[in-house]
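See below for the structure under consideration.
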There are 2 protein chains.
Amino acid sequence: MTVERDGLGMQADNNTADVYELGEQVGFILRKANQRHLAIFAARISDLTPPQFAALAKLHEVGATSQNQLGQLVAMDAATIKGVIDRLKARDLVALEPHGSDRRRLVVSLSDKGRETIEALLPDALEVSEETLAPLTQRETATFLRLLAKLAEG
Amino acid sequence: MTVERDGLGMQADNNTADVYELGEQVGFILRKANQRHLAIFAARISDLTPPQFAALAKLHEVGATSQNQLGQLVAMDAATIKGVIDRLKARDLVALEPHGSDRRRLVVSLSDKGRETIEALLPDALEVSEETLAPLTQRETATFLRLLAKLAEG
DNA sequence: TTAAATTCATTTGTACACGAATGATACGCT
DNA sequence: AGCGTATCATTCGTGTACAAATGAATTTAA
C-alpha cells in the first residue's frame, strides 16, 4: 500500500505538492548539498574556512577595498565580514589601514603572506569545485550551475 | 582586451577552469542560493528557524525518536540537534522522556502545542519552497531538484 | 549651509554547525 | 563473565550568520 505519486488517477494542480515531505524541499536539499561541499572543502583546504578563503580570493581579484564593500562582494553582512577579517588579520593574512579621504572606512588589503597563501590555494579550490560537482556529468554540471545561479539571484 | 572563454583558439582540457573566479564556483553560488532561501523562509515563518522547523516536521513525519536519530534524519550532528531540541523544549514544542530500555537515550516527541504549530505551518512551508523555486520554470525546477539531490547525496 | 538621511564600522545577542573530548551505557565476542 | 568497541548524550571551543542598536562621518536636499 504505497502512496501514488505522479499517478494518472489523481491530478495534482501544481507541482508535487501533495503532502509535505521535508526531504523533498529545496531548502533541505540545498542545506545538505552545502554540507557536502563544506566537507570537501575542509578536506582539501584545512587551514582556512570557506568564508575566509572567499574573502582572500575576492581581495586577490579586486585589490584593496573597504571592509563593508568586501563584505558585499562575498555576500556577507557587516557583522559577519568583520569577524572574518579580524581572524585573517590576527594571522597576518590581510592588513588594515584607514581610508585616505573617508574617515569612516577601513581599507583591507592582502599582506604578502596572504597573497602567497591564496595563490597557493587556488588550484586546490578548483579541485574542491570539481569534486563537489563530480556526481554530475559535464552536461549536467553546466545545466545545474545555470539554474543554481538563477535561483541564487532570484 | 577581454579574456577569451570557450574560444576555439584555445582548447581547455576540462571545464571552464581557466582562471579562478570566486563568483563562478559552486560553493559560493550554493551559499548565495541558501541565503536567498533563508530570507524567504524567515519572511514567511518568523517564529521558527529552518532547523527548528525541520526538527518539528521530521518528528511529525516519523513520530517519537531518540535525539541523535532525529539529528540524523534532519542532517544535524549530535551537538547541533541538541541545541535545537533544547530551544524547542524551552518553548514546549517538544517533550523529552528517558527511553524505556536504553538508559542512554532520550526520546523526543511532539507536544500538543508542537503538533498544532507544525501542522499550521506546513502550508506556509510549501509556499517557501515554491517561492524559492519561483525563478525557475516547472521543467527547470524538476531538472534542478534532480541534479541538486544528486549533488547532495554525493 | 544646516538639518535629515545614509553609510561605515562596531558591538551585542541569538542561533546554527562541527570537531573533539567525556562519561555512561549497551553490545559483540571470546 | 568480562573486555574491548560502539553508541548516546553532553560539553567546550571556534567560526559563521544575521537582526538590531550605536556613534562617527559623509552625503543629500532643502
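Every chain is numbered from 1 and lettered A, B, ... according to where its sequence line falls, protein lines coming before strand lines. Treat the numbers as computed from the prediction; the structure is a model and nothing was measured.
- Of the residues in residues 91-99 of chain A, not one comes within less than 4.0 Å of DNA chain C through any heavy atom.
- Comparing B:Asp102 and A:Asp102 against DNA chain D, the residue whose closest nucleotide sits nearer the 5' end is B:Asp102.
- A distance-only check finds a donor-acceptor pair linking the side chain of A:Glu140 to the backbone of A:Thr137 [under 3.5 Å].
- With salt bridges taken as basic N to acidic carboxylate O contacts below 4.0 Å, one links B:Lys58 and B:Glu61.
- The 12-atom threshold is not exceeded at CG of A:Asp112, counting heavy atoms of other residues, nucleotides or ligands nearer than 6.0 Å.
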Handout entry: Contact pattern, 5' to 3', of nucleotides 9-18 of chain C - B, S or - by protein heavy atom under 4.0 Å
Key = SBB---SSBB
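- In this structure, A:Ser46 reaches neither bases nor backbone, as no heavy-atom distance under 4.0 Å exists between it and the strands shown.
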Pairwise N/O distances under 3.5 Å, protein to nucleotides 1-4 of chain D:
none

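- In this pair, B:Phe53 and B:Phe41 present their aromatic rings perpendicular. The plane angle is above 60°, beyond the 30 to 60° band.
- Residue A:Leu70 comes nearest to A:Ala55 through the heavy atom pair CD1-O, 4.0 Å, listed as atom of the first residue, atom of the second, then distance.
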Check: residues 72-80 of chain A side-chain donor-acceptor pairs under 3.5 Å, at least two apart:
from    : atom 1 : to      : atom 2 : distance (Å)
A:Asp77 : OD1    : A:Ala79 : N      : 3.3
A:Asp77 : OD1    : A:Thr80 : N      : 2.8
A:Asp77 : OD1    : A:Thr80 : OG1    : 2.8

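- The side-chain hydrogen bond (donor to acceptor under 3.5 Å, both in side chains) check on A:Asp86 picks up A:Lys82, with sequence neighbours excluded.
- Using modelled atom types, one side-chain atom of B:Ser111 and one backbone atom of B:Leu93 make a donor-acceptor pair closer than 3.5 Å.
- Here the CZ-CG distance, from B:Phe144 to B:Leu136, works out to 6.5 Å after rounding to the nearest 0.5 Å.
- B:Val26 approaches A:Leu148 most closely through the heavy-atom pair O-CD2, 4.3 Å.
- Side-chain N or O atoms of A:Arg36 include one that pairs as donor or acceptor with a backbone N or O of B:Leu151 at under 3.5 Å.
- Regarding A:Asn34, its CG atom lies at a distance of 15 Å from the C1' atom of D:dG15, rounded to whole Å.
- Comparing the helix axis at one end of the helix from C:dT1-D:dA30 to C:dT30-D:dA1 with that at the other, each defined from 5 consecutive pairs, gives an inter-axis angle of 30° (nearest 10°).
- The CZ atom of A:Arg103 sits 17 Å away from the C1' atom of C:dT6 (whole-angstrom rounding).
- Side-chain contact between B:Arg91 and B:Gln52 is present, with at least one heavy-atom pair separated by less than 4.5 Å.
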